[in-house]
There are 2 protein chains.
Amino acid sequence: MAKAAPAILTIAGSDSSGGAGIQADLKTFAALGCYGASAITALTAQNTIGVQAVHGIPPDFVSQQITSVLSDIDVRGLKTGMLFDSGIIHAVASTLKEHFSNNGVIPLVCDPVSVSTSGHTLLHPDAIDTMMDEMFPLACLITPNKSEAELLLRRRGFPSAINTVQDMVTAAQNLSALGSNAVLLKGGHISIPREELRGVVSPDIEVNRDFIFDQNIEILQAHNSENATNELVVDVLFIKSEGKAILYPRPRLVSSNTHGTGCTLSAALACVLGRNATLAEATAQATSYTHLGIETASPIGQGFGPLNHLHSITKSLIAPRRKGDPFPLTYSLIRNTSAKWSKYVQHEFVIQLGKGTLERSSFLHFIKQDYHYLKYYARAHALLAAKSDNFAPILAATRIVLHIAKESSMHTSYCAQWGITKEELELTPESSTTTAYGAFLLDTGLQGDTMRLIMVLAACLLGYGEVGLWLKREAQKPNSWVVWEGNPYLKWMEDYSGEDFQNAVKVGLETIESRAAADPPSASRYAEWLAAWERCTDLEKSFWDMAMNLS
Amino acid sequence: MAKAAPAILTIAGSDSSGGAGIQADLKTFAALGCYGASAITALTAQNTIGVQAVHGIPPDFVSQQITSVLSDIDVRGLKTGMLFDSGIIHAVASTLKEHFSNNGVIPLVCDPVSVSTSGHTLLHPDAIDTMMDEMFPLACLITPNKSEAELLLRRRGFPSAINTVQDMVTAAQNLSALGSNAVLLKGGHISIPREELRGVVSPDIEVNRDFIFDQNIEILQAHNSENATNELVVDVLFIKSEGKAILYPRPRLVSSNTHGTGCTLSAALACVLGRNATLAEATAQATSYTHLGIETASPIGQGFGPLNHLHSITKSLIAPRRKGDPFPLTYSLIRNTSAKWSKYVQHEFVIQLGKGTLERSSFLHFIKQDYHYLKYYARAHALLAAKSDNFAPILAATRIVLHIAKESSMHTSYCAQWGITKEELELTPESSTTTAYGAFLLDTGLQGDTMRLIMVLAACLLGYGEVGLWLKREAQKPNSWVVWEGNPYLKWMEDYSGEDFQNAVKVGLETIESRAAADPPSASRYAEWLAAWERCTDLEKSFWDMAMNLS
């Protein structure tokens, strides 16, 4: 069973167009692997052009939603967005306060939303003081943008114009006096020339250069047709307890896909903080996620379009391993090649062998060619050992080589029972079908990585395991067409259905499944695996055709 | 710019706990790569135990939300869930009807939600007829479960008890008379023994066996400790225009994580239909997604927990390629090894070379060892050609071998200018540092796939490209420490900063970036790449240490 995703609760408005509000939050939570819950404070009928109507929710009902979630689900992070009016703010603050005092504090990111990207007022002006007084003291972080910060500072008598990096640092510091543990002052609406950043030097100011990293990447700059902009966006984190500001500068993006940027950022912060990251780490990760969301957005709607919330996820090709299906890769390979797989494992050769009616000459031809094939099979495992970079896989592959060598001597004595001498075995010319299959294994080993080689080696192992088990199961049915006792090929059936071989099958299954789970394939890699698997079933079928045709 | 995700609109209730309603829908849309929008009909304060309170939204405001979305966003699929009361149903139906008549029909999946998993009534009983009369005719598909289907049938005077597969087929057929284009009767609450399915034979009934595929998978069954259940869940799709039923049987899951199953299924259906799939394909994909969501769920809350909506996605390790960063893999590799990368590309050897103060003996030692290294570098490209499976990559690698061979003769004449004869070059013993680096390339080619070999070959190419460009850029600055004209090593600097070599750098960048984008690495594969890259920077640094130490 998968590890439970951390649950995050957003308390915010609803944006019908899906780009902002709880919709942006839920998308962000999903993209960052968190479980999302939501308490809605107000509904908006809105789109990328503007807000057409707003419907506030009664404060008691907002509280009830929060209580329903917190009383049942182990929430690890919280964010608040649009809180609409004083009544709701009061309800939210008192519900959270009570929960915190009874159950411990949950990291809360308070996004002091007051105006939408499209210019619509989202918070009644008289509610701003209530938010500062009641919400900020509960928050580990508040995330105002320029206009929100200026509004908050103005109301508390601080100097409020924010136009330079130094203004931002001062503003963040002043904002932290309003009650929250830390402040992230977002720089999206302030353009900072690169030179200005160089001027910021102070022991209390740290600059995170991860996002304007330009050390020794002359080649990347020279071969990128897009010239790096000189304009930066700088987000400023001020942590009150440390008296320290951290700046996160990034190249400024020119984009109209900014609807819901603030919602997305605070949602991402709640996710990262919900996984117990520091404020500095959370800011780095959440601003990256948001920045990339703007940068990779596609046009949606006719106004300020939404971010791309899904840039950081890709579709899995193989279902997770689970009780009901511990072998999802193998299942998928067999299902996707089912017609060919059937032709292989239920080949006429196998059926006649099960009935005991198979021509002796066909069987003899088969076991002679199988002797040659086993040499390739051993060599391919030796190649696997040579390609492996640690003792466990080296040893595992080498043990199989030893096992095949032992099997070959058993094979020799088995052949002797059929009147074939060792010398005759060695002198039997190798059929081109045998060469095709054997050389295919070695070529696969040359071309690809260890997983691809393991895949084709497993296809052979699993196919013979399937044939053995099938014959045995069929033999156990009443009035079976399979003749068990007295069948001239009984030993062959016993070998492949027996414990030794089936143990090897089990190890083979476990190996490919655990490797695929640890290194999940992309679509193109899965296609390669499927092609290799399919080729093996073709080659196996040809091997039995060869036996029947004595070719 | 990424292709825009298809936009899907859900018209449904809100579930504060996030497992059902528009929250489940938005999570499903995200997991299936769609853009989600939502019009909320009612809020619930609920959790996994039950529904604590409901707040209906005024019908006009529901209409306004739908209009805001549909008037701005190109919606490709629709679903309705909880519609709460007659007023809302009427508002939704008339808004959609008007939009359809002016703008064409959008596939609409109507989930006739009336009772929650926890037993709470979600639709006023008098609203059921309104839903049938007004919504069903607009829907391409309705998705009732057993109790909803029985309720609908009872109200229209049809026989209503549904307990067998045959009952289900008849019920689905009768339900299709209520106005929708097709019916998906969900079987989650009806247990069907495997034998019963075998009895269903009719030219009008097709059985999709993809999910109970059991052909020639004896090995998977034998080695799975979990015994396959005999009980099936069967979903029945009835397509009115074709007069045909398709059954989708699956092994029955025992799970309490079923909160929001119906919402999730109808949301997934809307996504697949929004991509223009047939009803049959959409049902197969959407039921699979939902089934796996139940099967992989982790415990959340104390009652009927939610599905795992995120089972089909994995986190991307590399950001998408975009204008501002067309080389995200290389950028990430350099940034994640920045200290070592700097020590390599700004090595003392390079600095002294740029100043023109490098000891002649060091330079001579370097170019003699470089001659040996070039042989490995050529062989590694030949190995790359041998590992490639198509003419384009075979040719690309072979051209580089030819280029290196040509470079080696230039190298010989260059050495001659420094007084080193071809014979002396050949007789110079290979330093162990040269062997380490060269053999590392070949070993990487032996162990891994072509991408891993290309990665290490590129690391060398890109590093020399970086050194060349850096020296050239530095030389262009006023009062530069780099001596260009008159520098004894001018030709070396010109070569690596020159057009020919930089074109190769550009091709190298494009190759690794396009391959990484086409076959995105898993976390473990990215870790391998990073390790190989880091190893190269170490080996390159050692190579210059060797030159300085004359070792």
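Chain letters run A, B, ... following the sequence lines, proteins first, then strands; residues in each count from 1.
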Which atoms of [X] are under 4.5 Å from chain B, going by heavy atoms: the side chain, the backbone, both sets, or neither?
{"X": "A:T10", "answer": "neither"}
{"X": "A:L310", "answer": "side chain"}
{"X": "A:P520", "answer": "both"}

Taking every heavy-atom pair that is under 4.5 Å apart, which of [options] has the most such pairs with chain B?
{"options": "A:Y526, A:W341, A:F61, A:W470", "answer": "A:F61"}
{"options": "A:P326, A:S17, A:A30", "answer": "A:S17"}
{"options": "A:L383, A:V69, A:V62", "answer": "A:V69"}
{"options": "A:K472, A:R322, A:K506", "answer": "A:R322"}

Quick check against the 3.5 Å criterion: does [X] have a side-chain atom that pairs as donor or acceptor with the backbone of [Y]?
{"X": "A:Q302", "Y": "B:D72", "answer": "yes"}
{"X": "A:S524", "Y": "B:A518", "answer": "yes"}
{"X": "A:R335", "Y": "B:D210", "answer": "yes"}
{"X": "B:S316", "Y": "A:S312", "answer": "yes"}

Heavy atoms only: give me the nearest [X]-[Y] pair and the separation to one decimal.
{"X": "A:F213", "Y": "B:I334", "answer": "CE2-CG2, 4.0 Å"}
{"X": "B:A319", "Y": "A:L292", "answer": "CB-CD2, 3.6 Å"}
{"X": "B:L469", "Y": "A:A222", "answer": "CD1-CB, 3.5 Å"}

Output side-chain donor-acceptor pairs under 3.5 Å for residues 214-221 of chain A, partner residues at least two apart or in another chain, one line each.
from: A:N216; atom 1: OD1; to: B:S342; atom 2: OG; distance (Å): 2.7
from: A:E218; atom 1: OE1; to: B:R473; atom 2: NH1; distance (Å): 3.2

If I measure from the heavy atoms of chain A, does [X] come under 4.5 Å with its side chain, its backbone, both, or neither?
{"X": "B:I22", "answer": "side chain"}
{"X": "B:I40", "answer": "both"}
{"X": "B:S288", "answer": "neither"}
{"X": "B:T314", "answer": "both"}
{"X": "B:Q346", "answer": "side chain"}

Once rounded to the nearest 0.5 Å, what's the spacing between atom [atom1] of [X] and atom [atom2] of [Y]?
{"X": "B:S68", "Y": "A:D15", "atom1": "OG", "atom2": "CG", "answer": "9.5 Å"}
{"X": "A:R209", "Y": "B:S338", "atom1": "CZ", "atom2": "OG", "answer": "12.5 Å"}
{"X": "B:S16", "Y": "A:I73", "atom1": "OG", "atom2": "CD1", "answer": "8.0 Å"}
{"X": "A:H223", "Y": "B:L462", "atom1": "NE2", "atom2": "CG", "answer": "8.5 Å"}
{"X": "A:H55", "Y": "B:Q64", "atom1": "NE2", "atom2": "CD", "answer": "13.5 Å"}

Chain A contacts, top residue of [options] (heavy-atom pairs, under 4.5 Å):
{"options": "B:G465, B:P306, B:S14, B:S225", "result": "B:P306"}
{"options": "B:P320, B:G445, B:A39", "result": "B:P320"}
{"options": "B:Q502, B:E528, B:M451, B:E510", "result": "B:Q502"}
{"options": "B:G33, B:A37, B:P58", "result": "B:A37"}
{"options": "B:L9, B:V345, B:I300, B:L26", "result": "B:I300"}
{"options": "B:D389, B:L317, B:T450", "result": "B:D389"}

* **side-chain contact (heavy atoms from CB on, under 4.5 Å) partners of B:D74, counting only residues at least two apart** =>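 B:D74 satisfies side-chain contact (heavy atoms from CB on, under 4.5 Å) with B:R76 once adjacent residues are dropped.
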
* Kindly indicate whether a cation-pi arrangement holds for A:K27 with B:Y35, taking the cut-offs as under 6.0 Å to the six-membered ring centre and within 45° of the axis. =>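 Yes, A:K27 and B:Y35 form such a contact.
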
* To do: Using the side-chain hydrogen bond (donor to acceptor under 3.5 Å, both in side chains) rule, pick out the option among B:R525, B:Q447, B:R452 that qualifies with A:D449.
  =>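 Of B:R525, B:Q447, B:R452, side-chain hydrogen bond (donor to acceptor under 3.5 Å, both in side chains) with A:D449 is met by B:R525 alone.
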
* Among A:L43, A:T44, A:N47, find the one that has a side-chain contact (heavy atoms from CB on, under 4.5 Å) with B:Q65. =>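 The passing option is A:L43.
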
